[in-house]
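These numbers come from a predicted model, not from an experiment. Indexing begins at 1, ligand by ligand and atom by atom, following the structure's order.
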Amino acid sequence: MAPVKVKKICCIGAGYVGGPTCAVIALKCPQIQVTIVDLNQARIDAWNSPDFDLPIYEPGLVDVVKASRGRNLFFSTDVDKAIQEAELIFVSVNTPTKKTGVGAGFGADLHYVESATRRIAAVAQNSKIVVEKSTVPCRTAESMRTILEANCKPGCRFDILSNPEFLAEGTAIQDLFSPDRVLIGSLQTQEGKDACGALASVYANWVPNGRILTVGLWSSELSKLAANAMLAQRISSINALSAICEATGANIDEVSHAVGYDSRVGSKFLRASVGFGGSCFQKDILNLVYLSESLHLPEVAAYWRQVVELNEYQKSRFSKTVVDTLFNTITGKHITVLGFAFKADTGDTRESPAISLIRDFLAERAYVTIYDPKVDAEQIWQDLAEANPNLPLELIKKQVTLAPSALEACKNKEAVVIATEWKEFKEIDWQVVYDNMTKPAFVFDGRLILDAEKLRKIGFRVKVIGRGSQ
Ligand SMILES: NC(=O)c1ccc[n+]([C@@H]2O[C@H](COP(=O)([O-])OP(=O)(O)OC[C@H]3O[C@@H](n4cnc5c(N)ncnc54)[C@H](O)[C@@H]3O)[C@@H](O)[C@H]2O)c1
Ligand SMILES: O=c1ccn([C@@H]2O[C@H](COP(=O)(O)OP(=O)(O)O[C@H]3O[C@H](CO)[C@@H](O)[C@H](O)[C@H]3O)[C@@H](O)[C@H]2O)c(=O)[nH]1
């Protein structure tokens, strides 16, 4: 049987991955009709909004959607119709860490993946290639296949592929246009290889052949968890060293530069910080920890768990530095937090270190003012309410103020904390900030973006991650 020629694609899940990934496929493959579906009506409405007020902020995304929407790119809540029409279906739904039940706090909650799979099984009238795009534990594709095959109509077949996504938020469009690699896992049967060929031919419209890697299903699933674990492990390694730098007077930027210069180590992902955030790193490492424990590999589980524990330590160590430096108490003091997103160039706040810092400051009964250029107020209140379950929102709102600009946020405050590396924080007029602050004025740079020497000359007292007191 010749490999299927893909003419219609359905993507289940119109989130941070499904939206940008399939919008780029539509742009690069004008001959393919791409329909992205979701159960969340508000999200689909935003993708369809006449003024392109999209549900997620991602540099370059609006232009990609503008180029294809209504031509060969569609957003809809009619999940069944899109499934029925497509030859190839991406499952790109959320796989958060389980909150209750077996594996709570570690294992992935796979019920969204399972219900999307069951929907495909229930409504498909002909053969489909089902592509696992969500990040899932090793061998999830087997469960999907069992569900699909148990419901297969006569004359139909389902082929399952794993095609994990490696985009990073903030650079998603660039990452999708020019990926380091596209990974496709399939069963090593002829049918599996044909399905793999069909998906590879979609990517081949813009990705060079040498960058399309084809492997077995389980290797593909595990490679995604492994890639995130190893990236996060680099950050925890450099953050562990930042604590030694602060205690010895070494400078983490210099250490990172010197170590990264070794081509075997490489310079990327060695930027010390207040801690990593985002919806993936912690979730995927905990997933790996759970997998290792389920496989009776406690030493392996402990090894990876330490990457997350070090990250927790880094966040609380930074909060403690703020308290210690402000004369051992921040009760009643006014602290500005610049940045609420988990990294620059995104409005996403999932697992943002800013949330942990603010929780710690509120526990010390400080007043906190927040400014972020892309996160909306509703999201901030929701995150703070979730992070402080014992503090009613009315009380949180008495302690926390949202400011319309960085300059406004810093007025009459004792300390400024940089929690996200937005470029605009480098560029604000720090002399004006200083003039309007209560003295002594403190700056805590949790992202290593400011010129500490320049700030000290202005009069600030400055603390930077990974640098001893000067
Ligand atoms: N965010 C990232 O940068 C990133 C990068 C690579 C991989 N991933 C992985 O991709 C997956 C999706 O992540 P995300 O950030 O896009 O999540 P998301 O929460 O932004 O989007 C998931 C969407 O799926 C929808 N959904 C859930 N069940 C559904 C169903 N049965 N039918 C239709 N729609 C359904 C939800 O309503 C939601 O809009 C996760 O497994 C994640 O780990 C995320
Ligand atoms: O040297 C560094 C690099 C990153 N970070 C922080 O690490 C977190 C994650 O950053 P990044 O990896 O750039 O963003 P994500 O969107 O979380 O992307 C990661 O998670 C995705 C979801 O699985 C993967 O697809 C990507 O390849 C992987 O980089 C953020 O808080 C960053 O500020 C650092 O502290 N130091």
Output the list of atoms in ligand 1 that are nearer than 4.0 Å to some heavy atom of [X], sorted by atom number.
X	value
Val17	2 (C), 4 (C), 5 (C), 6 (C), 7 (C), 8 (N), 10 (O), 16 (O), 44 (C)
Glu165	6 (C), 7 (C)
Tyr112	27 (C), 28 (N)
Ser279	1 (N)
Leu167	3 (O), 5 (C)
Ser115	31 (N)
Lys283	42 (C), 43 (O)

Proximity of Leu270 to ligand 2 by residue part, where a heavy atom lies under 4.0 Å: backbone
Residue portion contacting ligand 2 (non-hydrogen atoms closer than 4.0 Å) for Leu167: backbone
Are any of the N/O atoms in [X] less than 3.5 Å from those in ligand 1?
X	value
Ser92	no
Thr135	yes
Tyr16	yes
Lys133	no
Arg43	yes
Lys224	no

Please write down residue, atom name and distance for the protein heavy atom closest to [atom].
atom	value
atom 41 (O) of ligand 1	Thr95 OG1, 2.6 Å
atom 30 (C) of ligand 1	Leu39 CD1, 3.6 Å
atom 1 (N) of ligand 1	Glu169 OE2, 2.9 Å
atom 19 (O) of ligand 1	Asn94 CB, 3.7 Å

Given Lys343, Lys374, Arg350, the one that forms salt bridge (charged side-chain N to carboxylate O under 4.0 Å, His left out) with Glu169: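 Of all the options given, the one that passes is Arg350.
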Enumerated ligand 2 atoms positioned under 4.0 Å from heavy atoms of [X]:
X	answer
Gly277	8 (C), 9 (C), 30 (C), 31 (O)
Glu169	16 (O)
Lys224	22 (C), 23 (O), 24 (C), 25 (O)
Cys280	20 (O), 21 (C), 22 (C), 23 (O)
Glu165	25 (O)

Partner set under ring pair (Phe, Tyr, Trp, His ring centres under 6.0 Å) for Trp381, not counting sequence neighbours: none
Heavy-atom contact check, 4.0 Å cutoff: does [X] meet ligand 2?
X	answer
Glu421	yes
Arg234	no
Arg447	yes
Thr135	no

Over-ring placement of Lys28 relative to Phe177, 6.0 Å and 45° cut-offs: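 Checked: cation-pi criterion met.
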Row check, Phe166 ring normal vs Arg181 NZ/CZ: under 6.0 Å, within 45°: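 Yes, a cation-pi geometry.
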Atom CD of Glu378 with >12 non-hydrogen neighbours under 6.0 angstrom: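 For Glu378, atom CD is not crowded (no more than 12 foreign heavy atoms under 6.0 Å).
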Lys426 atom NZ, neighbour heavy-atom count above 12 within 6.0 Å: no
Least distance between heavy atoms, [X] atom then [Y] atom:
X	Y	value
Ile32	Val6	CG1-O, 3.6 Å
Val17	Ser92	CG1-OG, 3.4 Å
Ile184	Cys196	CG2-SG, 3.7 Å

Residue pair Ser242, Gln314: steps toward the side chain to side chain donor-acceptor pair (under 3.5 Å) verdict: CA-CA 9 Å; Ser242 76; Gln314 185 74 348; 3.1 Å; yes
Check: [Y] main-chain N/O paired with [X] side-chain donor or acceptor under 3.5 Å:
X	Y	answer
Asn311	Gly275	no
Thr248	Ala250	yes
Asp445	Ile449	yes
Asn239	Ser273	yes

Option whose closest heavy atom lies nearest to atom 17 (O) of ligand 2, chosen from Phe342, Tyr16, Phe269: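 Heavy atom nearest to atom 17 (O) of ligand 2 belongs to Phe342.
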Option nearest atom 35 (O) of ligand 2 (shortest heavy-atom distance, choices Ala168, Ser273, Ala227):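 The residue whose heavy atom sits nearest atom 35 (O) of ligand 2 is Ser273.
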Ring geometry between Tyr371 and Phe425 (parallel below 30°, tilted from 30 to 60°, perpendicular above 60°):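 Perpendicular, since the angle between the ring planes exceeds 60°.
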Aromatic ring pairing His257/Tyr261, orientation class (parallel under 30°, perpendicular over 60°, tilted between): perpendicular
Any idea which part of [X] is under 4.0 Å from ligand 1, heavy-atom wise: side chain, backbone, both or neither?
X	result
Arg119	neither
Glu114	neither
Val136	neither
Pro164	neither
Cys280	side chain

Check against side chain to side chain donor-acceptor pair (under 3.5 Å), Gln41 and Asp45: CA-CA 6 Å; Gln41 183 72 54; Asp45 290 346; 2.9 Å; yes
Pairwise side-chain contact, Pro137 with Leu110, heavy-atom cut-off 4.5 Å (strictly under): yes
Criterion side chain to side chain donor-acceptor pair (under 3.5 Å) on Gln233 and Tyr303, from CA distance to verdict: CA-CA 10 Å; Gln233 184 241 35; Tyr303 175 78; 2.9 Å; yes
Salt-bridge present (Glu293, Arg305; N to O < 4.0 Å): yes
